[in-house]
Protein chains: 4
Amino acid sequence: MPKLGMEPIRKEALVKATIVEIGRAGSLDVTVSQIAKRAGMSSALAHHYFGSKEGIFLAAMRHIMTLYGAEVRGALATAVGPQGRVRAILIASFSPGNFRREAVSAWLNFWVLAQSVPEAKRLLAVYQGRLASNLTVALRPMAGSRAPAIAQSLGALIDGLYLREVLKSGPPDGDAAVALALRHLEAELQRRADDAC
Amino acid sequence: MPKLGMEPIRKEALVKATIVEIGRAGSLDVTVSQIAKRAGMSSALAHHYFGSKEGIFLAAMRHIMTLYGAEVRGALATAVGPQGRVRAILIASFSPGNFRREAVSAWLNFWVLAQSVPEAKRLLAVYQGRLASNLTVALRPMAGSRAPAIAQSLGALIDGLYLREVLKSGPPDGDAAVALALRHLEAELQRRADDAC
Amino acid sequence: MPKLGMEPIRKEALVKATIVEIGRAGSLDVTVSQIAKRAGMSSALAHHYFGSKEGIFLAAMRHIMTLYGAEVRGALATAVGPQGRVRAILIASFSPGNFRREAVSAWLNFWVLAQSVPEAKRLLAVYQGRLASNLTVALRPMAGSRAPAIAQSLGALIDGLYLREVLKSGPPDGDAAVALALRHLEAELQRRADDAC
Amino acid sequence: MPKLGMEPIRKEALVKATIVEIGRAGSLDVTVSQIAKRAGMSSALAHHYFGSKEGIFLAAMRHIMTLYGAEVRGALATAVGPQGRVRAILIASFSPGNFRREAVSAWLNFWVLAQSVPEAKRLLAVYQGRLASNLTVALRPMAGSRAPAIAQSLGALIDGLYLREVLKSGPPDGDAAVALALRHLEAELQRRADDAC
DNA sequence: AATGAATGAGGATTCATTCAT
DNA sequence: GATGAATGAATCCTCATTCAT
C-alpha cells in the first residue's frame, strides 16, 4: 500500500539498518540486500533512494555524526563553567547513544572507508574539526594558549578510547572512558599551574 | 625451476605485498590475485602457502606486530633510566618503520578484521597486552601504583594518534606524535608530584 | 490537473522522445524511464498509454514510416512524368526529415527489432512492399517488364545508403545519396535501350 | 582436466557461440551466460578470456570480418581478368559461409554496435574501406576514373542486400544476390560505353 | 489522468578457491 | 614447487512493470 512521503521514512530505516548490519558484521562487508531486508524493503528500493551502496554508507556516516553533534550541542547548552563545558563534551562523546557497540563499530569502519572514499574522509575531517573547535573553546578560559594543544591530545585520546572499545567484550563502559579522559585533562591543566609556579 | 627453501622467501614476499596492497587500497578489499601478482607469483601459490585469504591477512598482521615488537625490544635494550625506557617505547612506536602510511593503514584494517576474525582479535589483544606491560614496567619506578592507569591512557593515546594519522595527508610526523605523547606523560607524572604535596 | 484529450498529445510526445533516445543511444537499450522523462512524464504513464516497452517501440516505428509514407505521397502528388515520379520517391527518401541522424539510427534499430518482434517485421515488410510498389509503378512506363527488378535493386540501394549513413560522421548528405541512386537508375534504364539495339 | 594452451580453443569456441546466439536472438541481447553455456564453459571463464561482454562482441566481429576477408582474398587469387575479379568479390560476399542467416544477423547487429562502441565503428570502417579498395582496383581497367563511384554504389548495394536478407524467410539465396549485383554492375559499365558514343 | 512507491527477475562482473598437470 | 584452467557463489545494480492513491 504505497503512500506519499515515504522517502524520509525509508531512508531513515535504511540508515539505521546499515549501522546495525555493520555493527553485526564488524565490517563494511554487508550486502545491500541484508541492509534492505533488515529495513523491511527490497534492495532495489534501497538503490532507488540512495543510488549506490556507497551512498548508503555515507548517509549512515552522516547520521552517526549528526547524532553525535546534536548530543554535544545539547550537553553544551546546559553546561556551566569552562570545566563543565569540557566535561559535557566528554560525557556526550561517551554517552550510551554514541558509545554503543554498533555505533563504535560503524565509526571504526567509516574511518576505514575514509581512506578510499573522499566524501567519507571529508565527513570525518568535519567531525574532527568540530570536536577540536568545541574543545578548544571550552578549554580557552582554563588553558589559555595551550588550549589547542590540549584539545588535540584530548581528541586523540577520545578516538583511541573508541578504537580500543571494539576489542573489548561486554557492554561499553562510558563512565570509565570519561573518567580516564578527565584524569588526562586534569593532569594537563594542572601542569599549567605548575608552570606558573 | 623450483628451488629448495623457497617457502620462507615466498611467504615473506606475500606478506609484504599484502601490506602494500592494503595500504594502497586503504581497505581489506584487495584480491589474492593482486597480492600474489605484486609478490611475483600466482594466486594459486599464495593459497598453497597460506591456505586462505584470511591466513594471508593474519600472517601480515603477525609480521607487522613482530616488527613493532622487535623495534620496541631493541629500543628498550639501549634505553637508560625509567624515563628513557618510556621514551624508547614511544619513539619505537612512532618510528619511521612502524609509523608509515602503509603500516598504519594495514594496522587500522587489522583492527577491523579483529571484529570478525577471532585470531585477529587475539593478536591485537596480545599487542595491547605487551604494550601495556612494557609501559607499566617502565613507569613503575616513576609512577608507582598509578603506572597501570597511566600505561592505559598512554596506550589509548598512541592508538588514537595512529588512527588520526590515516586522515592526514602528507608523510607521517613521528616526532610530533612522540612529543604529544611525552607531554601527556609528563603531565600525568607531574600530577603525582602534586598529589604528594 | 489532468485535461481531456491529452492522450494523443502524450502519445506523440512519447513517440518522438523514443526516436530521440534511440538516436542518442544508437541502440534499443534505452529505458522507458529515459523516454518518459524526455517526454515530460512518468514511466508509469508511458506504460499506461502503450502497455509495454515493445508497444512504445512499435508506435515509434509506425510514426517513422507514416512520416516517410506521407512525404512520398506528397512528393508523388506534384511530380510530373515517369522520371519525375521516381525522382520524387528518391528525393523524399533522402529528405532532411527522413534522412536525419536520429531517424536513420532508429530505422536501423527497428530493422534489428524486426528479427525478434513479428509485428516489427510486418511493419518493415509493409514499408518494403510500398516502396517496391511505388517504384514499380513509376518505372513501368520507362522500364516495362524490367520495372520490378529495377525497383528491387533500387530499393536495396536505398536501404544500403541508409545503412552506410550511420557510420559516417557529420550531417547526412541527402543530395549525394539521391545523385548516387539516380545514376544507378539511369544506368539501368539505359541498359534497356541497349537491349533494344 | 585442465590442460595448457586452452586459451585459443576457448576463445574460438566463445566467438562462434556468440555468433550463433546473436543469430538466434536476432539482437545483442544475449547474456554472457548463454554464450558461455553454448561454448561449453562457465560465464566466469568467458570473462576471464575476454574481459567483458563488449570484448566478446568485438572478437566475434573481428572473426566475421576475418572470415570474409580471407574468402575475398582467396577468390581474388584465382580470378581471371578484371570482370573475373569483380565477380569474385561479389561471389565471395554472398558465399554460403558469409551470407548465412547467423552471420547476416550478427553483421547487422554489429552495425548497431558500431553506433555506441568506437572500436566496433572502426572495424566496420576498415571493412568498408577494404571492400571499396578491392572493388576499385578490380574496376579500374573497366571503368577508369568512374571506378571509385561504381565501387561505392556497388558497396552500398551489397550492404543493402545483406540488410534485406534479414527480413526474408527461408534460406539465403546468394546466387540471386550476386545476379542482382552483377546486373547493376553491367548497367554501370555499359553506361560508360554509351558515354563514349 | 497521473504518479510515487515498490519489487522480482535478471545480468555483468568479481573472486576465493580447487585441481590436473 | 608452481601455475593455468576453471567455476560456484555472490553482489551490485538496473529496469520493466504493477499498484494504490
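Order of the sequence lines fixes the chain letters, A, B, ..., with proteins taken first and strands second; residue numbering starts at 1 for each chain.
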Whether B/W107 and B/Y162 hold their rings parallel, tilted or perpendicular, with breakpoints at 30° and 60°: tilted

Residue pairs meeting salt bridge (charged side-chain N to carboxylate O under 4.0 Å, His left out), one or both in residues 116-126 of chain D, sequence neighbours left out, come to D/R62-D/E119, D/E119-D/R122

In this structure, how many angstroms lie between the C1' atom of E/dA2 and the CD1 atom of C/I9, rounded? 15 Å

Under 4.0 Å between any heavy atoms, over every strand shown, what does C/F50 touch: base, sugar-phosphate, or nothing? Just pick one. nothing

CG/A/L124 to CE/A/M61 distance, rounded to the nearest 0.5 angstrom? 4.5 Å

Sequence neighbours left out, cut at 3.5 Å: what donor-acceptor pairs do the side chains of residues 41-48 of chain B make with other protein atoms?
unit_1: B/S42; atom_1: OG; unit_2: B/L45; atom_2: N; d: 3.3
unit_1: B/H47; atom_1: ND1; unit_2: B/S43; atom_2: O; d: 3.3

Protein-nucleotides 15-17 of chain F N/O pairs closer than 3.5 Å?
unit_1: F/dA16; atom_1: OP1; unit_2: C/K53; atom_2: NZ; d: 2.7
unit_1: F/dA16; atom_1: OP2; unit_2: C/V32; atom_2: N; d: 3.0
unit_1: F/dT17; atom_1: OP2; unit_2: C/H47; atom_2: NE2; d: 2.9
unit_1: F/dT17; atom_1: OP2; unit_2: C/K53; atom_2: N; d: 2.9

What are the two closest non-hydrogen atoms of C/F50 and C/I56, and how far apart are they? CB-CG1, 3.5 Å

Closest to the A/E7 side chain: E/dA1, E/dA5, F/dA6? E/dA5

Output yes when at least one side-chain N/O atom of A/R10 is less than 4.0 Å from OP1 or OP2 of E/dG4, else no. no

Give one of base, sugar-phosphate or nothing for A/H48, where a contact means two heavy atoms less than 4.0 Å apart. nothing

Exercise: identify the closest heavy-atom pair between A/Y127 and A/W111: CE2-CZ3, 4.1 Å

Atom-to-atom span, NZ of C/K11 to C1' of E/dA2 - whole angstrom: 16 Å

Residues in ring-ring contact (aromatic ring centres under 6.0 Å, His included) contact with A/Y49, at least two apart in sequence or another chain: none

Just how far, in rounded Å, is P of E/dA20 from CG of D/L4? 15 Å

Interatomic spacing from NZ in C/K16 to CD in C/E102 - rounded to 0.5 Å: 11.0 Å

d(CZ, A/F57; P, F/dC12) in whole Å: 8 Å

Tell me the interatomic distance from D/Y49, atom OH, to E/dT14, atom P, rounded to whole angstroms. 17 Å

Distance in angstrom units between D/E21 CD and E/dG11 P, rounded: 12 Å

Without placing hydrogens or testing angles, list every side-chain donor-acceptor pair under 3.5 Å for residues 18-27 of chain D, not counting sequence neighbours.
unit_1: D/T18; atom_1: OG1; unit_2: D/L14; atom_2: O; d: 2.6
unit_1: D/E21; atom_1: OE2; unit_2: D/R38; atom_2: NE; d: 2.2
unit_1: D/E21; atom_1: OE2; unit_2: D/R38; atom_2: NH2; d: 3.0
unit_1: D/S27; atom_1: OG; unit_2: D/D29; atom_2: N; d: 2.9

Involving DNA chain F, stems made of at least three consecutive Watson-Crick or G-U pairs, both distances under 3.5 Å: E:2-21 with F:2-21

For the pair made of CG in C/L14 and P in E/dT3, what is the distance, rounded to whole Å? 11 Å

Length of the NZ-C1' vector between D/K37 and F/dA6, whole Å: 17 Å

